[in-house]
There are 2 protein chains.
Amino acid sequence: MVQIPNTPAPASPAPPRSVPTSADVARLAGVSRATVSYVLNNTSAVRISEPTRRRVHEAARELGYVPHAAARSLRAGHSRMVLMPAPAFPVGPLYSRFITDLQSALSRLDYTVVQYGTAQPHGDEAARAWAELRPVAVLVPGAGLGPRGVAVLKRSGARAVVTLGPETVEGAYALLVEHEAVGHSAGAHLYDRGRRRIGVVVPRQSGLEVFSAPRLAGVRQAVRGTDATVTELPLGYDEASAARLAARWRELDLDAVFAYNDEYAMLLMRALQDEGVRIPEETAVVGADDLMLGRLLRPRLSTVHLELPSGRELAELVDRAVRAPGAPPETHKVLRATVVHRDSS
Amino acid sequence: MVQIPNTPAPASPAPPRSVPTSADVARLAGVSRATVSYVLNNTSAVRISEPTRRRVHEAARELGYVPHAAARSLRAGHSRMVLMPAPAFPVGPLYSRFITDLQSALSRLDYTVVQYGTAQPHGDEAARAWAELRPVAVLVPGAGLGPRGVAVLKRSGARAVVTLGPETVEGAYALLVEHEAVGHSAGAHLYDRGRRRIGVVVPRQSGLEVFSAPRLAGVRQAVRGTDATVTELPLGYDEASAARLAARWRELDLDAVFAYNDEYAMLLMRALQDEGVRIPEETAVVGADDLMLGRLLRPRLSTVHLELPSGRELAELVDRAVRAPGAPPETHKVLRATVVHRDSS
DNA sequence: TTGAAAGCGGTACCAG
DNA sequence: CTGGTACCGCTTTCAA
């Protein structure tokens, strides 16, 4: 490269214009690039004299040298990056915590966790973009990734492809999050408490169908073969929508409702109470997620408590899959749903 | 590398074992690597015959070829990656939406957005890890990044370093999120409504000090030089903690409280009501964040509505900074806080 | 104990 | 229009 002569600069301490490389460090320390690499990586297979180490470290510090991860993993032929597409659905506190736990657990195992900015393109399209980064493992929340996508990822060197969603995908390690179980718990609970005309809230908010459909199906399944009925109740997340639903509550003639989650439950409960519907006498209400706010409502909200696998467990699973890439993909059900009975049902 | 002779494999269609490279594509198509590159990148500076293009595309498809992003950006000397450390504080719906918006806005400008797994190490330490990825821009939420960190990032080629937090950092483009304004709005509102003995909730939850301290300071500032008093009220996010606080409410002798945010407000309001404290007559309550749940409480919760800059604006700012890396860093105040007066104050 | 050199997967110049 | 080739920054033999 041609050195452009310095323009007369202000008397600042000669700011190095381009990014320092290991070659720059070597030059400054008066050693070869190889030696720099040995020293900075503490390579045990080779002994470097103490004075040399010193000089190298000194030079690196002085230049503010930071190794180039891409170059390193290009040479190494692999990286320790675990890629996790950011979920398409609005995340609640539950999922936030889960992500945080998982990230720190994987960090402890010396992986670099990266959340890839959300999938505009459809799953199998997106998989290509993820594959370009050559992650050692990919952890996909929600639906959207197909068998084609899994194949692309594996062909690009991903040693573990794990889905965390409603269905298994050919070739991937599947952590089945069956939201049917949530609806099933709620439905069974309501039936046990003598309710027979059960409404189920289905949020209109887009991105939530993935959860709401199976939850509804779970309720249906819970009362299949009994005399109970299940009624679908579309509901937007706003007061007007809730008020409209509450206004026709009497004619709907329901004695219970599973409100999708605690937030929708709060919304609907308020509207019902404003309408003079007595809870739980006339209508029982059950939410889901076991948020703090449920305990603060009056009557206290019955809810379905959800438990995702711990971040540590999942991290270990990923690690195992990375180390034994030959192992056939397994399927595990991971969503534990239990009813917390309070006063609204 | 030594080729290990194939063990007699099941009669599957010869699965390619290693990751296909552009050389493989070239071989299969019977052309050079250069030609493959031209075709797949639609390089306009060079004309490739239609039959050749066809053969290359065909070969790429057949092999399931996916380019190696690291190799590409190594050669190019730069990437289009915008790195955003995952925030250390628990994120609410407000921030979630903000992130999502920002990501899609940046995607539209053809940047790749990546959330880097949360900062275990302290800011300036973490900056080194981020720098290893050689992002073209870094967007840091919250506090924790110091001038040293900024320097490291810039030296590693980051053309834009933007902080989104409570204070400016030497060398970085600062989007000032001044939570003092939140407290100030709430304090002024309460004062205007005739309240003089103001309590301010300070969450015990760790990670929230960054927000709670300035909010408290803002209230203090709003009533400075008046006869009003400000009392700090530490509060854990659980019912027991709230009940304890409510039990000594009468002796605290407060006529108003700014409850940090809507969720803490709900928690405290419930405890106060259970204790028989009338709201707003005896004590006015103001929350913040303007969440749906505030509208559902009775009395309806007064709150401070917060507005962050739109994702599009921020994306454009980043883009501008990337294109004009010489420009001196600016500072902008970006948090708009306005009181939404309802029935609790 | 240290250095020279090969190459990881792409891109872009220059020659044919 | 296409191929040869020199890099990008780093690690890792192999020799000296």
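In what follows, chains are A, B, ... by sequence order, proteins preceding strands, each numbered from 1.
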[X] [atom1] to [N] [atom2], straight-line distance once rounded to whole Å:
{"X": "B/Arg53", "N": "D/dC1", "atom1": "CZ", "atom2": "C1'", "value": "11 Å"}
{"X": "A/Arg55", "N": "C/dT2", "atom1": "CZ", "atom2": "P", "value": "8 Å"}
{"X": "B/Asn42", "N": "C/dG10", "atom1": "CG", "atom2": "C1'", "value": "17 Å"}
{"X": "B/Ile48", "N": "D/dT2", "atom1": "CD1", "atom2": "P", "value": "5 Å"}

Item to check | Nucleic acid footprint by protein, nucleotides 8-16 of chain D - heavy-atom cut-off 4.0 Å, B for base, S for sugar-phosphate alone | outcome: BBBBBB---
Next on the checklist: Between B/Arg54 and B/Glu58, does the salt bridge (Lys or Arg N to Asp or Glu O under 4.0 Å) criterion hold? Intermediate values first, please.
Outcome noted: CA-CA 6 Å; B/Arg54 223 168 254 310; B/Glu58 182 63 26; over 6 Å; no
Can you tell me how far the [atom1] atom of [X] sits from the [atom2] atom of [Y], to the nearest 0.5 Å?
{"X": "A/Leu83", "Y": "A/Glu132", "atom1": "CG", "atom2": "CD", "result": "11.5 Å"}
{"X": "B/Tyr38", "Y": "B/Ser32", "atom1": "OH", "atom2": "OG", "result": "8.0 Å"}
{"X": "B/Leu102", "Y": "B/Leu314", "atom1": "CG", "atom2": "CG", "result": "5.5 Å"}

Checklist entry - For the side chain of A/Glu313 and the backbone of A/Ser310, is there at least one donor-acceptor N/O pair under 3.5 Å apart? => result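 Indeed, once roles are kept as given, a pair shorter than 3.5 Å links the two residues.
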Next on the checklist: Please tell me if B/Ser73 has a side-chain N or O lying less than 4.0 Å from either OP1 or OP2 of C/dG10.
Outcome noted: no
Item to check | Derivation of the side-chain contact (heavy atoms from CB on, under 4.5 Å) call for B/Thr331 and B/Tyr173 | outcome: CA-CA 6 Å; B/Thr331 297; B/Tyr173 204 110; over 6 Å; no
Item to check | Rounded (10°) bend between the five-pair end axes of the helix from C/dT1-D/dA16 to C/dG16-D/dC1 | outcome: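 About 50° separates the two local helix axes.
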Checklist entry - When you check the side-chain N and O atoms of B/Gln103 and B/Thr100, is any donor under 3.5 Å from an acceptor? => result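 No, no side-chain donor-acceptor contact under 3.5 Å.
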Next on the checklist: The test is side-chain contact (heavy atoms from CB on, under 4.5 Å); show your working for A/Met81 and A/Val136 and say whether it passes.
Outcome noted: CA-CA 6 Å; A/Met81 182 199 300; A/Val136 68; 5.6 Å; no
Checklist entry - So what does A/Val36 hit on the nucleic acid, given a heavy-atom distance under 4.0 Å: a base, only sugar-phosphate, or nothing? => result nothing
